[in-house]
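I have placed the structure first, in the form of structure tokens, so that the comments after it can refer back to it.
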Amino acid sequence: MSVLVTGTRYGGYLPVLHRRRTAHGRGFPLRLELRGITKKFGALVANDHIDLIVEPGEIHALLGENGAGKSTLMNVLYGLLTPDEGEILIDDVPRTFGSPRDALRAGIGMVHQHFMLVPVFTVAENIMLGREKTTGLAFLDRRAARREVRELSERYGLDVNPDAVVEDIPVGVQQRVEIIKALTSDCDLLILDEPTAVLTPGEIEDLLEVMRTLRDDGKSIVFITHKLKEVKAIADKITVVRRGTIVGTAAPSASEDELAAMMVGREVSLTVDKDPAVPGEEVLSISGLTVTDERGQHAVDGLDLELRAGEILGIAGVQGNGQTELAEAIMALRPAVTGTIRVNGVDISNSKTSKVIESGVGYVPEDRSADGLVKSFSIAENLVLNQYNRAPFGNSLTINPDVIAKTADERVEEYDVRTLSSRAPVGSLSGGNQQKVIVAREMSRKLNLLVAAQPTRGVDVGSIEFIHKRIIAERDTGTGVLLISSELDEVLALSDRVAVMYRGKILATVGPDTPREKIGRLMAGVTEDSETSPSEEPGA
Amino acid sequence: MTKPPVEPPGEGESPETTGDGAPDRRGEGGEHAAHAEPAVSSPDAEPETERGEVTAEREALLEAAAAGVAPQPDQTVKVEAPPLEKPHSWPVRFLRYLVTANAVMVTVYSLILAMIIGGILIIVSDEEIRGMYTYFFSRPGDALSASWTAVADAYSALFQGAIINFEQLSLALNGESEWGPVLRPISNTLTNAAPLIFTGLAVALAFRAGLFNIGAQGQAIAGAVGAAVVGFGLDLPLGIHLVVTLAGGALAGGLWGAIPGILKARTGAHEVITSIMLNYVAAYGLLWVISTEFVHSEERTDAISKSVDNTSWLPNLFLDANLRANWGVLFAVAAAGVVGWLLTRSTLGFRMRTVGANPDAARTAGMGVPNTYATAMGLAGALAGLGGAVIMLSSTSHALTPAVVGNVGFDGITVALLGRAKPVGVVLSGLLFGAMQAGGVQMQTVADIPVDMVTVLQALIVIFIAAPALVKAIFRLRTSRGAGMDLTMAKGW
């Protein structure tokens with residue numbers, strides 16, 4: 001795909017079919033300048049006199065913690081919010097955007113963190129939405145839309161089938177559909193809001209490649225993220241935002257530690273200090289476990305695993321290799337078809353979730369919004385979501401709101417949940433603080449086993465550090481920790497042993513000092529003894 | 001897209017919380033005044049006492065923490081303190097409250113709007129007044145005064161039929177009449193309100209557990225049948241018989257309500273479909289039950305059951321035996337108290353609210369979601385069943401007739417909606433609807449406005465409640481902090 005685009009500025013040798021040359025969507029690089037943008041919500045200043053220049057054809061990373069004001073700024077730029085002060089200049093001409101429509105017309109497109117696609121429509125139909133073309137009388141011109149998808153897909157190496165139904169395609173491809181959607185509306189500057197949050201490592205690589213291709217074709221890209229590695233890999237220029245102001249710009253050559261320090265305003269240790277593990281009794285023993293997924297496929301396929309007290313076993317693996325199903329089977333949220341799951345020697349497979357929780361198993365679910373929290377409930381209520389009927393919070397008949405409130409205040413303090421009141425709804429917190437609420441809930445009772453699935457997904461750097469420390473501390477109290485994460489860095493930093501999961505099985509268990517390349521090969525399904533090359537293995 | 005894309009006020013300094021802190025800092029106002037930027041008048045800055053308890057010290061710590069430095073309160077606060085608002089005196093706050101789109105004021109304004117539209121309908125539906133409008137421009141006074149009289153008469157009758165009859169009041173004050181007739185409107189209102197509160201609670205409770213109970217009508221019918229059968233079938237002493245009769249109603253309604261709950265728990269059948277269908281089964285089942293030999297009245301040939309024994313009658317609320325009001329309304333208010341306790345203080349209520357708000361999180365937390373559905377529907381059914389029992393015991397014949405419960409189950413949905421699925425709200429809206437129904441009868445006899453106008457008014461009120469944005473725009477209200485205002489109920493359907 002790189003061959004296709006090398007040296008291709010706009011126009012190039014590919015016919016420019018999809019460009020309407022209007023007064024605004026011009027089809028050549030665009031220079032964006034934000035001057036003194038200020039946006040207040042009541043007394044909270046989300047953006048404080050922000051100046052930002054995005055040169056034509058550059059990938060400009062906007063780096064900052066959750067809640068730093070990045071999304072607010074981009075929503076101002078995209079016409080979703082009106083700034084209180086400041087102006088937006090496009091090619092040195094001041095512009096005001098009353099709605100995203102204005103922004104689109106000026107050549108600015110945005111791919112939101114949460115996709116805005118109709119799941120039951122095909123890719124082509126989604127692309128057509130809102131600007132349906134018709135042939136003759138009133139028939140939708142599906143063919144034109146399909147052609148458009150195919151052209152853009154080829155041009156930028158997106159590999160999207162226009163006839164696929166959106167709900168059937170992987171998240172990474174859905175994101176590319178969003179990108180195509182933005183491209184079809186003639187945008188010259190693309191805002192990508194936390195695009196990698198939902199992607200697997202492989203998909204992230206692909207996305208970065210797509211971004212490079214887009215840049216080489218003359219598109220400017222604003223890349224919002226809090227992941228340092230990606231910023232360094234792709235950005236031409238880095239602007240760091242903290243608490244609503246720009247704290248500085250950096251070149252991609254800056255070290256991760258420097259960037260992290262700028263982001264959070266203090267030195268952050270990305271490596272986790274920990275003492276060697278002191279493994280004790282076996283707390284979790286899984287043998288021959290088979291679990292099916294929604295489609296009836298064996299997502300976990302005859303898996304064996306053992307975990308001792310006081311150690312962290314990290315499960316590395318590309319997402320979708322049965323990690324989710326494994327965690328849910330341990331929590332009795334999903335039936336075990338065959339096999340046993342023993343916690344402290346007691347078989348808990350196919351028992352009740354409440355029994356599993358009672359036997360001292362803590363669970364940080366992968367999807368905190370869906371499974372971990374009730375957003376409309378207060379922090380206090382969420383902190384007792386699985387203990388509301390146990391002393392001291394309540395008994396089988398009544399709950400004790402006073403104790404719940406009092407304990408909540410302590411937990412908020414202890415776990416550094418940034419809120420002014422434990423009675424505020426959890427939905428009003430940032431992602432990192434929501435995750436801290438879950439961590440506080442699970443870790444403030446006596447645990448034998450902690451199942452932590454993606455414990456820091458979508459969480460800001462400061463919170464990541466905090467959660468990591470808590471997990472280590474939990475280990476040191478003698479809890480066995482099963483850490484499931486698609487972030488290899490996280491697995492390697494925290495784990496005492498690393499089990500690589502591939503297609504529902506543990507392929508190998510290695511030490512955390514094992515070279516990344518070797519673990520990477522294992523994640524792709526290549527074991528030492530099998531001489532199978534990756535190309536012969538059907539893709540993961 | 002339209003969702004307000006506010007970057008989650010990350011470090012806990014949401015706009016409201018800073019505003020909330022304001023009253024607490026009055027003491028140190030001098031210090032802060034220097035930092036306060038004037039004229040940042042945020043509409044969200046209404047002080048809210050519940051959160052106002054946060055101490056300044058704690059705030060300081062949090063701000064320090066948010067700033068990413070070690071907590072050194074004394075220094076950081078001064079630097080980081082956001083602009084504060086001067087606290088307002090209470091009349092200002094009260095006036096602000098009146099023009100803010102909060103739950104209470106939207107309800108009040110909805111009532112006003114409904115009354116206005118109802119007035120227009122009264123005018124339009126009067127043929128004589130319509131005639132006057134044909135020569136409006138030559139003699140506008142005719143049309144206007146006739147319109148005013150018609151509307152004023154109607155609403156005055158509505159009020160006098162529901163709350164207090166001024167004529168009777170003056171007679172009684174002059175000693176020319178008993179006090180009984182003065183209380184009659186209130187008595188009628190309370191009689192009507194009792195079953196509405198019960199069915200309103202039935203819908204509200206289920207709603208809090210994430211269920212749309214459209215089956216309160218059928219559950220009320222089942223309750224009426226259950227109570228009647230116990231009422232005339234058993235021979236028990238005074239007092240005990242009443243309790244057993246009500247229990248029979250609750251049990252029958254509860255079982256009827258549990259059917260959709262269990263179907264949902266076991267098979268995933270949607271409770272809206274099943275509970276609607278069970279309404280029909282109950283309505284026609286009632287006809288059959290009345291016709292059976294055991295139930296049908298021996299003295300009469302029309303469709304009416306035996307009367308329940310007077311040992312199971314609800315005691316009168318007032319000493320005057322001519323007044324219909326009975327203890328039903330007391331039981332209804334008590335039931336609201338129980339539901340309130342259940343939702344806020346009980347384990348079961350916590351579970352129901354969790355399941356209602358996020359069933360996946362409830363399951364992950366180890367709660368039995370299907371069981372909770374079944375239990376909630378059973379309890380909701382029991383409440384509606386009590387409503388049916390009370391309405392049957394309040395009827396003049398103390399017996400089952402084909403229309404014994406009227407529309408009380410469906411009205412319960414509106415009552416719950418108006419009461420925003422909260423027990424206190426349900427009691428208030430039940431009383432309001434009870435009053436409107438009582439006044440509607442008076443309006444028909446005195447002002448010759450069909451009693452159906454009351455139903456139209458009820459419908460209009462609920463429409464405005466369900467469309468708060470409309471009310472807000474008409475009265476130019478300010479945005480409330482809790483702009484969502486628990487209107488999920490209206491939106492969720």
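Everything numeric in this text was worked out from a predicted model, so none of it was measured. Residue numbers begin at 1 in each chain, while the letters A, B, ... track the order of the sequences.
With Asn358(B) as the partner, the side chain to side chain contact (heavy atoms under 4.5 Å, CB included) test is satisfied by one option alone out of Leu385(A), Asp371(A), Val374(A), Leu373(A): Val374(A).
Between the side chain of Ser346(B) and the backbone N or O of Ile399(A), no donor-acceptor pair lies under 3.5 Å. The backbone N or O of Thr364(B) lies less than 3.5 Å from no partner atom in the side chain of Asn386(A), so there is not a single donor-acceptor pair.
With sequence neighbours excluded, the residues satisfying side-chain hydrogen bond (donor to acceptor under 3.5 Å, both in side chains) with Lys375(A) are Ser369(A).
Neither the backbone nor the side chain of Gln387(A) comes within contact range of chain B; no heavy atoms are under 4.5 Å apart.
Within the cation-pi definition used here (under 6.0 Å to the ring centroid, within 45° of the axis), Arg351(B) does not qualify as a partner of Tyr388(A).
Between Ile404(A) atom CD1 and Phe350(B) atom CZ the span is 6.0 Å, to the nearest 0.5 Å. Between Leu348(B) atom CG and Thr398(A) atom OG1 the span is 12.0 Å, to the nearest 0.5 Å.
Crowding of Arg101(A) atom CZ: a count of heavy atoms from other residues, nucleotides or ligands under 6.0 Å not exceeding 12.
At a heavy-atom separation below 4.5 angstrom, chain B is approached by Thr353(A), Ser354(A), Ile357(A) within residues 351-359 of chain A.
Across Asn395(A) and Thr347(B), no two heavy atoms sit closer than the pair O-OG1, 2.8 Å.
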